[in-house]
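Since the structure comes first, as structure tokens, the remarks are kept for the end.
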Amino acid sequence: MATKLYTHPVFLEHLTPPGHPERPDRLRAIARVLDDEAFAALDRAEAPLADEATILYAHPERHVQAVRKAIPESGIRAVDADTSVSPKSWEAAVRAVGAANAAVDDVFAGKASNVFVAARPPGHHAEKSTAMGFCLFNTAAVAARHAQRGHGAERVAIVDWDVHHGNGTQDIFWDDPSVLYCSTHQMPLYPGTGAKNETGAGNIVNAPLSPRTGSDLFREAFRGRVLPAIDAFSPDLIIISAGFDAHHRDPLAEIYLTEDDFDWATGQLLERAGKSAGNRLVSLLEGGYDLEGLSSSVGAHVRRLMKG
Ligand SMILES: [Zn+2]
């Protein structure tokens, strides 16, 4: 079984204002890296449209309607200070969710050993009722619920190594012990949440990192907090909120990880997926804003996924 890759040209058509870090070039840079023959064995598929009813697993109808209504006929419209939409943003956001759901279907059906979804907009800042931080719908949250409702998963672990805390995912699962949310992130940094004492129903594990943290302390946090929580939880599926903005080149934060750290963390999570989850692991692109750091990190991450 191969590693599967979902992406779609419409992800290049979700437009943000000039100079915005969350830009279509991010996916072009990833596509260039994954075009290399080292990735020839990837099983490549177009991201399908989601069944829109699944978005309601994580968001109330009024949020979905508010996003739909915000989509302009032309140009770019701001949803908040950081987040905007363009005419194709609806399709992009719905295909991002659709790809994540399809990835869950694939790993439960044994059609892929694991899956990487290269989509935008990202999702982990989207709260139940609030689009924010470049995110419209919380793709990882919908996919976790889809695993539970569509495939009978009892426990899903979401591991978020994006350099920003996934306030949205924490918000959605705050009182739901069937989903474990573990996050490493810089603190202080946007969005301001993610302290150690934010523990939800005992299912939230935050491992904040001080600015200028490098590989050693990141791995220590991962080994000391994230991995033991996963071991104790024994998930049926692991979803990675895979942001690559903790890379040392990234302009939005001051964590100094390298490609090797993403390779290592991927390997650790694959090992856990093998222990309790029948190897089921789905990785969803979140942030990562330096094109070189992003593409080399995604390359390391996907190479490790392909090794299984
Ligand atoms: Zn981020």
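Whatever order the structure lists them in is the order used to number ligands and atoms, beginning at 1. The chain is numbered in sequence order, starting from 1. The figures that follow rest on heavy atoms only: side chains count, while hydrogens, waters and symmetry mates do not.
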Original post:
Hey, mind stepping through Arg280 and Asp236 against salt bridge (charged side-chain N to carboxylate O under 4.0 Å, His left out) and telling me if it holds?
Top reply: CA-CA 7 Å; Arg280 290 181 288 270; Asp236 303 309; 5.1 Å; no
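- Summary: OD1 is the N/O/S atom of Asp162 found nearest to the Zn ion (ligand 1).
- His301 pairs in a ring-ring contact (aromatic ring centres under 6.0 Å, His included) with only one of the listed residues (Trp264, Trp161, Phe39, Phe262), which is Trp161.
- Phe108 and His151 have their aromatic ring centers within a separation under 6.0 angstrom.
- Backbone or side-chain N, O or S atoms of His164 reach the Zn ion (ligand 1) at under 2.8 Å.
- In summary, no N, O or S atom of Glu286 is located under 2.8 Å from the Zn ion (ligand 1).
- Atom OD2 is the N/O/S atom of Asp245 found closest to the Zn ion (ligand 1).
- Note: Tyr190 and His125 have perpendicular aromatic rings, judged against thresholds of 30 and 60 degrees for the angle between ring planes.
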